[in-house]
Protein chains: 2
Amino acid sequence: MWMSKKNCACNMNSVGHGITGSASVYMRRETEFTKKVKVILVDDNYDHLMGIRELINLETNFDVIATATNVNLAINLIKRYQPDIVLMDINMPEKDGLTAISEIEKLETGAKVIALTGYDDSDLIFRAMKIGAKGYILKTMASAQLIYAIEEVMQGKIYLPSGLSSRFFEYFQKTFKEENKTANASETLLQYLTQREEEVLELLTLGYNYKEVANKLFISDTTVKTHVNNIFQKLQVSDRTQAVLYAINNGFMNRKKLKIAI
Amino acid sequence: MWMSKKNCACNMNSVGHGITGSASVYMRRETEFTKKVKVILVDDNYDHLMGIRELINLETNFDVIATATNVNLAINLIKRYQPDIVLMDINMPEKDGLTAISEIEKLETGAKVIALTGYDDSDLIFRAMKIGAKGYILKTMASAQLIYAIEEVMQGKIYLPSGLSSRFFEYFQKTFKEENKTANASETLLQYLTQREEEVLELLTLGYNYKEVANKLFISDTTVKTHVNNIFQKLQVSDRTQAVLYAINNGFMNRKKLKIAI
DNA sequence: ATTTTTATTAATCTAAAGGTTTATTTATAA
DNA sequence: TTATAAATAAACCTTTAGATTAATAAAAAT
């Protein structure tokens with residue numbers, strides 16, 4: 001099952017360390033009637049914009065169909081020309097780049113956004129990926145990497161260079177560390193709730209009042225009150241809102257999902 | 001499968017697309033008095049356990065100091081021997097592997113856990129990384145990859161093979177997609193709240209009742225009620241709990257934080 | 001300069017929520 | 001068999017929450 005080693009050589013490098021495994025750059029098919037990849041560039045620096053355009057247009061299968069120096073223009077261009085790729089500089093002043101990516105994603109034109117920036121800040125990378133960026137590259141990186149990134153993203157992959165990927169994961173795990181402490185903590189008072197009390201709390205967490213809960217569970221509303229009072233005591237809270245807040249802060253709904261899933 | 005591409009050598013593979021860029025396998029220093037990396041294996045299948053042990057012990061700088069066929073034993077061994085690496089099979093029956101990883105993380109011994117499993121399920125990968133796994137590899141992968149993963153993780157990196165990394169990001173973005181729609185949406189009804197109403201809602205979201213809110217804002221509780229009723233109308237909800245739920249689901253508190261931060 | 005609108009304040013009244021006790025039924029453990 | 005825990009429900013009572021109306025001051029529009 002585990003192949004012995006020593007046969008690695010080329011193996012080793014290809015084996016892993018990556019988001020994208022296949023080196024598609026070698027597979028480029030320029031022969032077939034492949035439509036050119038439509039690219040739109042967004043950068044507030046005009047010179048920079050032209051520089052990148054030159055670079056990308058060197059590639060015969062890419063076509064920079066438009067450029068924009070501000071976000072609103074970019075949005076309009078994307079709506080009109082339906083590009084495959086949007087290279088988005090996220091250091092732009094007026095409207096910040098992350099918001100821009102969000103708005104482009106909301107258009108749902110299928111345009112794949114690659115963030116292009118000077119900052120390798122963990123939080124920035126994390127937020128960019130969160131809102132749907134398909135890639136994130138630094139301006140300091142080699143031009144070949146930019147081309148490679150576009151090709152990878154065009155294949156439906158996510159492109160994060162090695163170093164940034166590490167940063168992403170560090171930040172990712174840091175972000176979830178606290179959540180795990182509480183959500184996973186066996187010391188949650190939620191564990192003492194009975195099945196029925198959980199059902200009641202779940203409905204409260206969805207915003208129902210006692211009468212509605214009673215109707216949904218086919219029991220009297222006085223019974224609901226009894227359950228709720230027991231919930232208050234067990235969770236050590238004094239009203240419905242606090243109970244709901246406790247439930248949310250202690251991953252009650254996540255836990256519910258897991259119960260169904262597993 | 002992803003070691004193909006003939007010419008791989010270093011080129012493309014080194015360009016990035018990865019969590020770990022440097023091919024540390026070529027840099028292994030066995031000359032200096034490097035202490036051996038202490039590894040503990042956890043797998044409910046004894047034969048499998050022995051197989052992996054053999055494999056890892058072939059590496060002169062690794063040392064499998066203990067093995068365990070169940071989680072509780074593993075936890076004790078980790079506490080006692082403080083290993084550098086824990087290779088954790090997450091298909092174990094009694095206590096599931098993810099819970100096990102959580103518990104090991106909670107020990108905070110500094111042991112780096114690598115998940116080892118037969119399933120390349122997106123959700124499983126995501127959850128494993130969330131709770132702090134430093135790597136995730138499939139049993140079907142080449143043995144060399146296992147060794148490589150350990151070396152990378154020992155350098156403080158996160159190791160996710162190419163294919164799994166893609167799955168991870170797909171799942172990651174899918175998970176945050178809904179959150180973005182609401183949290184980023186400028187169409188939130190929260191925007192219509194006045195300053196005072198925001199203050200009231202913020203306190204409600206912290207679990208205070210009307211009297212407490214009144215005291216905190218130095219106004220009468222009947223005034224609080226007025227504000228709250230206006231909030232209800234603006235948010236189109238019918239009680240306090242629903243208002244708080246609306247606030248939370250629409251990133252009210254996040255927005256508050258941003259206001260301070262930015 | 002004046003109306004108009006908006007934000008903040010507040011009192012009154014009704015409905016709902018919350019606290020306490022008691023009681024019945026059913027399943028489960030000792 | 002007898003405790004024990006869970007789910008159900010009612011009666012009683014107190015407090016809080018929610019709806020309605022209205023006064024005041026400041027800002028905006030005419």
Side-chain angles (χ1 to χ4, degrees), chain A residues 186-250 252 255-256 259-260, chain B residues 186-250 252-253 255-256 259:
Chain A
S186 47
E187 311 102 35
T188 176
L189 297 172
L190 290 167
Q191 67 184 310
Y192 301 117
L193 298 183
T194 68
Q195 203 177 330
R196 203 56 161 172
E197 285 161 0
E198 280 192 1
E199 289 170 354
V200 171
L201 182 55
E202 186 176 355
L203 292 172
L204 294 183
T205 308
L206 294 173
Y208 295 109
N209 64 21
Y210 296 170
K211 204 176 281 180
E212 290 167 331
V213 171
N215 287 332
K216 291 213 171 267
L217 297 181
F218 303 107
I219 54 179
S220 138
D221 61 335
T222 60
T223 306
V224 173
K225 285 185 185 181
T226 309
H227 288 310
V228 169
N229 269 294
N230 291 332
I231 292 172
F232 290 167
Q233 292 198 349
K234 289 183 179 176
L235 302 187
Q236 300 182 54
V237 297
S238 52
D239 63 42
R240 185 163 124 243
T241 306
Q242 286 183 357
V244 167
L245 286 169
Y246 185 95
I248 291 172
N249 291 330
N250 291 79
F252 179 64
R255 183 175 304 237
K256 281 273 151 189
K259 270 189 184 170
I260 299 162
Chain B
S186 48
E187 311 100 35
T188 175
L189 298 171
L190 291 167
Q191 67 184 311
Y192 301 117
L193 298 183
T194 68
Q195 204 177 330
R196 202 56 160 170
E197 286 160 0
E198 278 193 3
E199 289 172 348
V200 171
L201 182 55
E202 186 176 353
L203 292 172
L204 293 183
T205 308
L206 294 173
Y208 295 109
N209 64 21
Y210 296 167
K211 203 176 282 181
E212 290 166 331
V213 171
N215 286 333
K216 291 210 172 268
L217 297 182
F218 303 108
I219 53 179
S220 138
D221 60 334
T222 61
T223 304
V224 173
K225 287 181 187 179
T226 308
H227 289 310
V228 169
N229 269 294
N230 291 332
I231 292 172
F232 290 168
Q233 291 196 349
K234 288 183 180 177
L235 303 188
Q236 301 182 53
V237 297
S238 51
D239 64 42
R240 182 164 128 244
T241 306
Q242 287 183 357
V244 167
L245 285 169
Y246 185 94
I248 291 173
N249 291 330
N250 290 78
F252 179 65
M253 292 312 259
R255 182 174 307 233
K256 282 271 152 193
K259 270 188 185 170

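So you know, we letter chains A, B, ... as the sequences are listed, proteins then strands, and number each from 1.
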- Message: B:His227 vs B:Val213, test: side-chain contact (heavy atoms from CB on, under 4.5 Å). Steps then yes/no.
- Response: CA-CA 11 Å; B:His227 289 310; B:Val213 171; over 6 Å; no
- Item | Taking every non-hydrogen atom, the tightest pair across A:Phe232 and A:Ala243 | CE2-CB, 4.0 Å
- Task: Write down the distance between CG (B:Leu217) and P (C:dA10), rounded to a whole number of angstrom.
- Result: 11 Å
- Apply the side-chain contact (heavy atoms from CB on, under 4.5 Å) test between A:Leu189 and each candidate in A:Val237, A:Leu235, A:Asn250; give the one that qualifies. A:Leu235
- Task: Of all the heavy-atom pairs spanning B:Leu204 and A:Leu245, show the shortest one and how long it is.
- Result: O-CD1, 4.0 Å
- Smallest separation among heavy atoms of B:Phe252 and B:Glu198, with atom names: CZ-O, 3.6 Å
- Query: Which part of the nucleic acid does A:Ser220 contact within heavy-atom distance under 4.0 Å: base, sugar-phosphate only, or nothing?
  - Reply: sugar-phosphate
- Task: Give the intermediate values and the outcome of side-chain contact (heavy atoms from CB on, under 4.5 Å) for residues B:Lys234 and B:Leu193.
- Result: CA-CA 7 Å; B:Lys234 288 183 180 177; B:Leu193 298 183; 3.9 Å; yes
- Check the distance between C:dA11's C1' and B:Ile219's CD1 and give it to me in whole angstrom. 14 Å
- Message: To the closest 0.5 Å, what do you measure between OG1 (B:Thr241) and CG (A:Asp239)?
- Response: 7.0 Å
- Least distance between heavy atoms, B:Asp221 atom then B:Lys211 atom: CB-CA, 4.4 Å
- Message: Could you walk me through whether B:Asn230 and B:Thr194 satisfy the side-chain contact (heavy atoms from CB on, under 4.5 Å) test, starting with their C-alpha distance in whole Å, then the side-chain angles of each, then the deciding distance to 0.1 Å, before giving a yes or no?
- Response: CA-CA 10 Å; B:Asn230 291 332; B:Thr194 68; over 6 Å; no
- Task: Determine, stepwise, if the pair B:Tyr210 / B:Val200 fulfils side-chain contact (heavy atoms from CB on, under 4.5 Å).
- Result: CA-CA 9 Å; B:Tyr210 296 167; B:Val200 171; over 6 Å; no
At a cut-off of 3.5 Å, list every protein nitrogen or oxygen paired with a nitrogen or oxygen from nucleotides 21-23 of chain D, distance to 0.1 Å.
none

- Are OP1 or OP2 of D:dA9 and a side-chain N or O of A:Thr223 less than 4.0 angstrom apart? yes
- Query: Just by distance, do the side chain of B:Gln242 and the backbone of A:Gly207 share a donor-acceptor pair under 3.5 Å?
  - Reply: yes
- Specify the separation, in whole Å, of atom CG of A:Asp221 and atom P of C:dA16. 10 Å
Can you check nucleotides 12-18 of chain D for protein contacts, nitrogen or oxygen pairs under 3.5 Å, and list what you find?
| from | atom 1 | to | atom 2 | distance (Å) |
| --- | --- | --- | --- | --- |
| D:dT16 | OP2 | B:Lys211 | NZ | 3.0 |
| D:dA17 | OP1 | B:Arg240 | NH1 | 3.1 |
| D:dA17 | OP2 | B:Tyr210 | N | 3.3 |
| D:dA17 | N7 | B:Lys225 | NZ | 3.0 |
| D:dG18 | OP1 | B:Arg240 | N | 2.9 |
| D:dG18 | OP2 | B:Tyr210 | OH | 2.1 |
| D:dG18 | O6 | B:Lys225 | NZ | 3.2 |

- Item | Between C:dG19 (P) and A:Lys234 (NZ): distance, integer Å | 15 Å
- Query: Picking from C:dT8, D:dA10, D:dT8, which would you name as closest to the side chain of A:His227?
  - Reply: D:dT8
- Starting at atom CZ of A:Phe218, determine the distance to atom C1' of D:dA7, rounded to an integer number of angstrom. 16 Å
- Length of the line joining A:Gln195:CD and D:dA5:P, which is rounded to integer Å: 18 Å
- Note on the structure: Taken to the nearest whole Å, CD/B:Gln233 to C1'/D:dT20 is 10 Å
- Message: Between C1' on C:dT8 and CG on B:Leu201, what's the gap in Å once rounded to a whole number?
- Response: 17 Å
Can you check nucleotides 24-30 of chain C for protein contacts, nitrogen or oxygen pairs under 3.5 Å, and list what you find?
none

